[in-house]
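These notes are about the structure you will find just below.
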Amino acid sequence: MKTSSVIVLWLCSITVTMAQDSFEIDTSQSLLKWKGSNLFKFNEHFGTAKFSSGQILMENDSISGGNFKVDMNTIINTDDKYNEMLVRHLKNEDFFDVKKHPSAYLEIKEVNYIDENQVQINANLTIKSITNPIVYNSAVERQKGKVIMTAKFIIDRTLWNVNYESKSLLNSLKDDTISDAIEFEAMVITDQKK
């Protein structure tokens, strides 16, 4: 009887220790910035997209996971060059095919703390229903009960079948050949008090 009680208490303590808290991100303050360019950096475009939902998982006051959904219909261009035409092109079949794939997703699979304010994240990124693993570093800041995560990372768009004017598909390179690299800068904010 005593042994059974000890085992039950031990299992309960593990459950408490491993319990994760989930905090919804503030989609009005969280933002994803993007930047693309031609191969030789002569012409750059940049803009934003909005998160439609997301959550950060915390375990013992440390980030342990998370998942985020980006509304691809919110893509805008902020460099004031070819705005309407560029955004329309980014949303069509040449690039992100937003009509068929209105959302992109990032799921954090593993978090490794480098120090108190810096983590390395292993995640799965899904664009156009294609999922690939990515690894990036994220800064973690705490302000008045809020957790703010910021990160910069670069992807090779061709891994997600975004192949328009890719150097890998062209017989010869031109000045307007589009770089396969897309740069992202993400900021997600959640309030632990809520």
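Excluded from the calculations below are hydrogen atoms, water molecules and symmetry mates; all remaining heavy atoms, backbone and side chain alike, are included.
- Scanning all heavy atoms of the two residues, the minimum distance from Asn73 to Pro102 falls at ND2-CB, 3.9 Å.
- Other residues, nucleotides and ligands contribute over 12 non-hydrogen atoms within 6.0 Å of the NZ atom of Lys91.
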Chi angles and distances behind the side-chain contact (heavy atoms from CB on, under 4.5 Å) call for Asn112, Asn122: CA-CA 9 Å; Asn112 296 303; Asn122 293 282; 3.8 Å; yes

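- Shortest non-hydrogen contact noted between Ala123 and Leu106 is CB-CD2, 3.9 Å.
- The side-chain heavy atoms of Ser30 and Ile25, taken from C-beta on, include a pair separated by under 4.5 Å.
- Within the 4.5 Å cutoff, side-chain heavy atoms of Ile121 are placed close to those of Met149.
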Determine, step by step, whether Val140 and Val147 satisfy the side-chain contact (heavy atoms from CB on, under 4.5 Å) criterion, reporting the C-alpha distance in whole Å, the side-chain angles of both residues, the deciding distance to 0.1 Å, and the verdict. CA-CA 7 Å; Val140 180; Val147 175; 4.2 Å; yes

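- A heavy-atom distance below 4.5 Å is not found between the side chains of Met187 and Glu141.
- Remark: Lys109 engages Glu107 in a salt bridge (charged side-chain N to carboxylate O under 4.0 Å, His left out) (not counting sequence neighbours).
- Contact annotation: the side chain of Phe184 approaches that of Ile155 to within less than 4.5 Å [non-hydrogen atoms, C-beta and beyond].
- Residues Gln118 and Asp115 come closest through the heavy atom pair N-OD1, 2.9 Å.
- Counting all heavy atoms, side chain and backbone alike, Leu125 lies closest to Trp160 at O-NE1, 3.0 Å.
- Arg142 and Asp61 are joined by a salt bridge, as a carboxylate oxygen and a charged side-chain nitrogen come within less than 4.0 angstrom of each other.
- A donor-acceptor pair under 3.5 Å is formed between the side chain of Thr78 and the backbone N or O of Phe46.
- At most 12 non-hydrogen atoms from other residues, nucleotides or ligands lie less than 6.0 angstrom from NZ of Lys152.
- The shortest non-hydrogen separation linking Thr158 to Asp156 is OG1-OD1, 2.7 Å.
- Side chain of Asn132 to backbone of Leu159: a donor-acceptor contact under 3.5 angstrom is found.
- The side chain to side chain contact (heavy atoms under 4.5 Å, CB included) with Val188 is formed by just one residue from the set Ile56, Thr27, Leu32; it is Ile56.
- Cluster annotation: Ile189 and Val119 are assigned to distinct hydrophobic clusters (Ile/Leu/Val/Met/Phe/Trp/Tyr, side-chain heavy-atom contacts under 4.5 Å, transitive).
- Of all non-hydrogen atoms in Phe23 and Asp21, the two that sit nearest each other are CE1-CB, 3.6 Å.
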Apply side-chain contact (heavy atoms from CB on, under 4.5 Å) to the pair Ile134 and Phe153, showing each step before the final yes or no. CA-CA 9 Å; Ile134 62 171; Phe153 57 94; 4.0 Å; yes

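- Counting heavy atoms from C-beta on, the side chains of Asn161 and Asn163 come closer than 4.5 Å.
- A donor-acceptor pair under 3.5 Å is absent between the side-chain atoms of Ser103 and the main chain of Asp71, judged by distance alone.
- Checked by atom type and distance alone, the side chain of Asn60 never pairs as donor or acceptor with a backbone atom of Ser62 at under 3.5 Å.
- Ring-plane geometry between His89 and Phe95 is classed as perpendicular, the angle between the planes exceeding 60 degrees on a 0 to 90 degree scale with a lower cut at 30.
- Ile130 and Ile182 end up in the same hydrophobic cluster when Ile, Leu, Val, Met, Phe, Trp and Tyr side chains are linked at under 4.5 Å.
- Here OH of Tyr136 is found 4.5 Å from CD1 of Ile108. Values are rounded to the nearest 0.5 Å.
- Ion pairing between a basic and an acidic side chain is recognised when a charged N comes within 4.0 Å of a carboxylate O; Asp180 and Arg157 show such pairing.
- Interatomic distance, Gln120 CD to Ile114 CD1, rounded to the nearest 0.5 Å: 6.0 Å.
- The distance from the OH atom of Tyr105 to the CG atom of Asn124 is 14.0 Å, given to the nearest 0.5 Å.
- Between the side chain of Thr48 and the backbone N or O of Lys33 there is no donor-acceptor pair closer than 3.5 Å.
- Here Lys69 contributes atom NZ and Ser53 contributes atom OG; the two are 5.5 Å apart, rounded to the nearest 0.5 Å.
- When side chains are defined from C-beta on, Trp34 counts as touching Asn77, because their heavy atoms get closer than 4.5 Å.
- In this structure, Ile76 CD1 and Glu84 CD are separated by 13.5 Å, a value rounded to the nearest 0.5 Å.
- A 4.5 Å side-chain heavy-atom check between Glu44 and Asp79 finds every atom pair outside the cut-off.
- Panel note: side chain Tyr164, backbone Leu90; no donor-acceptor pair is recorded below 3.5 Å.
- Environment of NZ in Lys128: crowded, with over 12 heavy atoms of neighbouring residues, nucleotides or ligands closer than 6.0 Å.
- Of the possible donor and acceptor atoms, none in the side chain of Asp94 sits under 3.5 Å from a partner among the backbone N and O of Asn92.
- Lys50 NZ to Ile75 CD1: the interatomic distance, rounded to the nearest 0.5 Å, is 13.0 Å.
- Within the 4.5 Å cutoff, side-chain heavy atoms of Ile148 are placed close to those of Thr150.
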Between Lys99 and Met72, is a side-chain contact (heavy atoms from CB on, under 4.5 Å) present by the stated rule, with each step listed? CA-CA 9 Å; Lys99 192 172 183 179; Met72 299 298 281; over 6 Å; no

